[in-house]
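So the structure is just underneath, and the comments pick up after that.
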Amino acid sequence: MADGLVRVKPSPLLDTFGRQISYLRMSVTDRCDLRCTYCMAEKMTFLPKRDLLTVEEMDRVATTFIERGVRKVRITGGEPLVRKDIGDLFRRISRHLGSGLDELTLTTNGTMLSDKAQMLVDCGVNRVNVSLDALEPDQFKKITRRGDLDKVLRGIDAALDAGLKIKINTVALKHDNADTLPAMIEWAHSKGMGLTLIEVMPLGDTGEDRIDQYIPLPMVQDKLEQEWTLTPLNETLKNAGPSRYVRVEETGGKLGFITPLTNNFCAGCNRVRVTCTGRIYMCLGQDDHIDLRSALRESDAPEAALSAAIDQALFRKPEKHDFAIKRRGETPALPRHMSMTGG
Ligand code: SAM
Ligand code: SF4
């Protein structure tokens with residue numbers, strides 16, 4: 001070493017079940033321009049801005065994780081693109097691409113993609129997930145309680161034109177979109193986009209009964225198989241993430257299933273989540289968390305405090321979640337909305 005110091009390689013992020021953490025999801029805001037019925041309540045009280053990590057603090061958190069072996073960072077929310085300094089965050093984290101970081105990506109509702117697609121491409125983002133649950137304007141407005149479908153469709157086209165690959169995420173809803181899922185899959189595949197179906201999870205009080213929303217995906221798959229041939233893809237086996245993929249032979253496109261309720265997906269979990277206030281949640285389905293913001297703001301040696309807090313979090317990462325939706329009127333499994341933790 002030129003400066004004569006011996007540097008110790010940071011230890012990798014291994015939990016007590018031997019799972020290596022290589023994937024960080026960072027929620028950058030709890031705010032959103034939509035109010036999806038399965039995600040938020042109609043009237044939400046959002047956090048004061050001072051409680052949110054600054055872009056510099058988020059960069060520091062991401063950098064620490066990347067130095068310790070995280071290879072993929074997904075920016076999420078709330079709606080990440082409503083944050084005014086979001087471009088600055090992408091620019092900062094993008095400096096790690098090719099030196100530690102393999103992928104920087106985003107989950108968005110797509111309403112602001114028309115304006116932001118080029119910025120994302122300029123920051124080395126190759127693909128994004130866009131959440132979309134309907135292709136008919138009134139149905140979209142009902143599910144999002146306010147959204148303008150056209151704006152999202154224009155955003156998707158702008159992103160495709162800018163060269164981004166898109167995967168559509170669709171929450172399957174018993175009454176609001178179950179019948180229109182085949183049409184959505186055909187539409188996505190016709191535009192060269194994959195689509196992943198997600199089971200609704202009991203996170204946060206949204207003013208809706210989960211029993212009226214939840215439809216088990218094996219039931220949806222059975223119905224699709226009456227019309228289509230679904231061939232399991234090998235990558236399902238190597239993919240450590242929670243999705244199971246098939247190819248729809250009739251459309252030639254890829255279809256994913258995320259089934260946290262009918263099929264616990266935790267054995268291969270390789271991720272942790274950091275909220276916009278700097279809490280690290282070791283599991284989407286558990287409430288245990290560790291506060292990184294105090295490590296950042298109150299310690300004299302923030303880097304070391306951050307790393308120690310991350311070690312503590314790994315030690316406490318649970319084996320699995322225990323979601324269930326069983327009875328009408330049941331209170332949510334966790335009071336925290338998905339928009340807090342980041343999907
Ligand atoms: N606003 C962005 C968006 O909608 O893509 C990013 C944040 S959103 C919380 C991330 C993902 O979580 C979306 O795909 C959304 O559909 C999903 N989601 C939100 N609440 C959910 C719930 N209760 N169960 C299952 N998925 C949920
Ligand atoms: Fe907003 Fe995304 Fe939640 Fe819908 S799912 S309310 S777009 S954060």
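Whatever order the structure lists them in is the order used to number ligands and atoms, beginning at 1.
- Using a 4.0 Å cut-off between charged side-chain N and carboxylate O, Lys174 and Asp212 make no salt bridge.
- For ligand 1, none of its N or O atoms has an N or O atom of Cys32 under 3.5 Å away.
- Of all atoms in ligand 2, numbered sequentially from 1 with element shown, those under 4.0 Å from a heavy atom of Gly78 are 8 (S).
- Between Glu56 and Arg92, at least one side-chain N (NZ, or NE/NH1/NH2) sits under 4.0 Å from a carboxylate O, which counts as a salt bridge.
- Residue Gly77 approaches ligand 1 through these ligand atoms, each under 4.0 Å from one of its heavy atoms: 7 (C), 9 (C).
- A salt bridge links Arg316 with Asp288: the distance from a Lys NZ or Arg NE/NH1/NH2 to an Asp or Glu carboxylate oxygen falls below 4.0 Å.
- Checking only distances, Glu79 does come within under 3.5 Å of ligand 1, N or O to N or O.
- Between Glu79 and Thr111, the side chains place no donor N or O within less than 3.5 Å of an acceptor N or O (distance only, hydrogens not considered).
- Less than 4.0 angstrom separates some heavy atom of Val200 from each of these atoms of ligand 1: 24 (N), 25 (C).
- One side chain, Gln118 or Asp122, offers a donor N or O that lies under 3.5 Å from an acceptor on the other.
- With no hydrogens or angles considered, no side-chain donor-acceptor pair links Asp311 and Ser307 at under 3.5 Å.
- Contact analysis puts Glu199 in contact with ligand 1, with a non-hydrogen atom separation below 4.0 angstrom.
- If you check the side chains of Asn177 and Thr180, you find no donor sitting under 3.5 Å from an acceptor.
- In the vicinity of Ser131, heavy-atom distances shorter than 4.0 Å reach the ligand 1 atoms 3 (C), 4 (O), 5 (O), 13 (C), 14 (O).
- Taking every non-hydrogen atom of Val171 and a distance limit under 4.0 Å, the qualifying atoms of ligand 1 come out as 16 (O), 26 (N).
- Side-chain atoms of Ser22 never come within 3.5 Å of backbone atoms of Arg71 as a donor-acceptor pair (strictly under, hydrogens ignored).
- Considering backbone and side-chain N/O atoms, Gly78 comes within less than 3.5 Å of an N/O atom of ligand 1.
- Counting backbone and side-chain atoms alike, Cys32 contributes an N/O/S atom closer than 2.8 Å to atom 1 (Fe) of ligand 2.
- Note on Cys36: not counted as a metal contact of atom 3 (Fe) of ligand 2, no N/O/S atom lying under 2.8 Å.
- Salt-bridge check for Glu42 with Arg35: failed, with every basic side-chain N at 4.0 Å or more from each acidic carboxylate O.
- Atoms of ligand 1 lying under 4.0 Å from at least one heavy atom of Cys39, given by number and element, are 19 (C), 20 (N).
- Contacts with ligand 1 closer than 4.0 Å are made by side-chain heavy atoms of Thr76 only, the backbone lying farther away.
- Of all the heavy atoms of Thr108, the ones lying under 4.0 Å from any atom of ligand 1 belong exclusively to the backbone.
- For a threshold of 3.5 Å applied to N or O pairs, the pair formed by Tyr38 and ligand 1 contains at least one separation below that value.
- With salt bridges taken as basic N to acidic carboxylate O contacts below 4.0 Å, none links Glu298 and Arg293.
- Less than 4.0 angstrom separates some heavy atom of Met201 from each of these atoms of ligand 1: 22 (C), 23 (N), 24 (N), 25 (C).
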